[in-house]
Amino acid sequence: MAAVGSAVGLGNIWRFPYICGKYGGGAFLIVYLLFVFLLGSVLMMSELVIGRRSRRTPISAYASLAPRRQRPLWIGFGVLCIITCFFILSQYLVLSGWTTGYVWHSVSGALASMGTDAGVIADFFRHFSTGGWSPVWFMVLFSILVLIVILGGVQKGVEMASKVLMPVLVLLILVLCVRSLTLPGSIRGVEYLFSPDFSKLTSEGILAALGQALFSLSVGMGVMVVYGSYLPADDRIFTTAMWITACDTLIALLAGLAVFPAVFSCGFDPAGGPGLVFCVLPNVFNTMGAAGAIFSVLFFLLLLVAALTSAISLLECLTACITDNGRLRRWQGAAIVFVLSTALGAVFTLSFSHLSGVKLAGLSLFDFIDRINSIYLPPLCALGTVLFFGWVMPEADIRAEFTNNGTVRLRLYGFIRFMARYVAPLALLVVIITGIGG
Ligand code: PHE
């Protein structure tokens, strides 16, 4: 459940609809689903196997399972994974800060008072996200919450949040889907999501689908290695990985169904970018009368919880990594990660306002890190992981993990091994090369 909590987050509800909208809806969806089930699930299994076999954090996990000669290489790879994790956390904090802000604005009634004028709601978002230090304070508040859970014991906090609140979130998204689908003209949104138009799918779109699949499943940066290292010996890795993958995908699809029909009905642009969810959903709530205000508060609170369980997994991974050698205490490690990631998160938040003039490779700081975090670093880490899993790690260890030391059978073992050795590395390589070239 904690791993589901890590996978299900802003990636499903905020990022999936906006990326899907940007790259043309249905065609993107097909490529995304292929990546999720053929590549993402294999990666999820690889990371869980590596974690549980080594019972270590990414920095030492790969090295401890590799032949002696190759160890320095795999330590370097572990470091690359945690750098990726750190960048992802810093970017994640920006959106989490916005989410925290929206909790506040729905409680204060500001969102409910705007009616259903798409322009007014979009302006509100623009004003909020470019509002200088105000979104930064919301982000700091969120980071403090994450730190409290990490310090106060992961098990109670994360487990409680995942077990009780996640199902409530799903229920609420279902309500939103019904509302969104019954708005006038909503059918165009369903068509947009489910009827593929491959002419809109560029090589950048394919790379974005891969990046989104990895991001959404929390793979390709070592988080699942850490969670795998906490997994009980009798847990079935295949079943666990498939459950996480299925839940994550279902929630992304539901989020798409809640957002796109409303996008078309209310006259928003489906390629509206990072603000999409923050503009569209308040509009849907405002069509629901007095109940809408309550739904709005509930929804943003639960979105906050979803963001929290994901951010916790990132902070947990980084804390575990830097305290692995025993020199730092847990609270010291957590505090260091907290300070550094919050500081970088503040810089990215301010890239919408005070730092909007600062450009890297022609992109704003946020767009730059978004690109690094979706199309460069995670695919690279994913490639390293499948190569390690398919070609470096001893096969006996892999088989032992999948069959729980020979006590359970896994019929698909040969297929998974084939995917991990040949299909996944080749597909990743092709996508990375064409993406970078394109
Ligand atoms: N999977 C999370 C989401 O969908 C984000 C995340 C990425 C969490 C990587 C941990 C590691 O929101």
Side-chain angles (χ1 to χ4, degrees), residues 1-20 32 35-36 40-41 43-44 47-48 51 57-58 80-99 142 146 149-150 154 158 161-162 165-166 169-170 173 208-228 230 241 244-256 274 277 302-321 337 341 345 369-370 372-382 385:
M1 282 312 266
V4 172
S6 167
V8 174
L10 297 173
N12 306 60
I13 300 161
W14 157 74
R15 203 164 188 277
F16 174 76
Y18 116 66
I19 298 277
C20 188
Y32 173 76
F35 279 140
V36 163
S41 62
L43 260 152
M44 170 91 60
E47 289 197 13
L48 292 176
T57 66
L80 183 72
C81 287
I82 74 154
I83 291 176
T84 309
C85 212
F86 176 69
F87 281 151
I88 296 232
L89 176 59
S90 309
Q91 185 200 5
Y92 209 75
L93 289 178
V94 177
L95 288 315
S96 305
W98 290 357
T99 308
F142 177 87
V146 177
V149 178
I150 291 280
V154 180
V158 182
S162 312
L165 298 174
M166 281 298 171
L169 178 71
V170 175
I173 298 181
L210 173 69
Q212 173 62 15
L214 301 179
F215 182 84
S216 190
L217 292 174
S218 304
V219 293
M221 58 221 67
V223 167
M224 290 296 163
V225 173
V226 174
Y227 275 20
Y230 302 155
I244 305 171
T245 309
C247 288
D248 187 67
T249 310
L250 189 73
I251 295 184
L253 284 176
L254 287 178
V277 163
L302 290 167
L303 191 60
L304 189 75
V305 173
L308 210 62
T309 51
S310 299
I312 285 166
S313 73
L314 287 158
L315 195 81
E316 172 66 23
C317 174
L318 289 161
T319 305
C321 283
V337 179
S341 57
I369 198 67
D370 188 52
I372 299 274
N373 281 348
S374 59
I375 65 180
Y376 294 115
L377 288 179
L380 218 65
C381 293
T385 303

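In listed order, ligands and their atoms are each counted from 1. Heavy atoms only: backbone and side chains are in, while hydrogens, waters and symmetry mates are out.
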Asker: Given a heavy-atom cut-off of 4.0 Å, could you list the residues near ligand 1 in chain and number order?
Answerer: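 Around ligand 1, where the cutoff is 4.0 Å for heavy atoms, the contacting residues are S6, A7, G9, L10, G11, N12, Y92, F215, S216, S218, M221, V223, S310, S313, L314.
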Asker: Of all residues at least two apart in sequence or in a different chain, which pass the side-chain hydrogen bond (donor to acceptor under 3.5 Å, both in side chains) check with T99?
Answerer: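 Once residues adjacent in sequence are excluded, T99 has no partner under the side-chain hydrogen bond (donor to acceptor under 3.5 Å, both in side chains) criterion.
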Asker: Identify all side-chain donor-acceptor contacts of residues 247-255 below 3.5 Å with residues at least two apart in sequence or on another chain.
Answerer:
from	atom 1	to	atom 2	distance (Å)
D248	OD1	N12	ND2	2.8
D248	OD1	S216	OG	3.4
D248	OD2	S216	OG	2.6
T249	OG1	T245	O	2.7

Asker: Apply side-chain hydrogen bond (donor to acceptor under 3.5 Å, both in side chains) to N373 and list each qualifying residue two or more places apart in sequence or on a separate chain.
Answerer: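 Partners of N373 under the side-chain hydrogen bond (donor to acceptor under 3.5 Å, both in side chains) test: Q91.
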Asker: For residues T309 and V8, determine if any side-chain heavy atom of one lies less than 4.5 Å from a side-chain heavy atom of the other.
Answerer: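 Result no, sub-4.5 Å side-chain heavy-atom pair not found.
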Asker: I'd like to know if the side chain of S310 reaches the main chain of S6, judged simply by a donor and an acceptor atom lying under 3.5 Å from each other, with no hydrogens or angles considered.
Answerer: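 At least one qualifying donor-acceptor pair exists.
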Asker: For the pair E47 (side chain) and V226 (backbone), establish whether a donor and an acceptor sit closer than 3.5 Å, ignoring hydrogens and angles.
Answerer: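 A pair under 3.5 Å: no.
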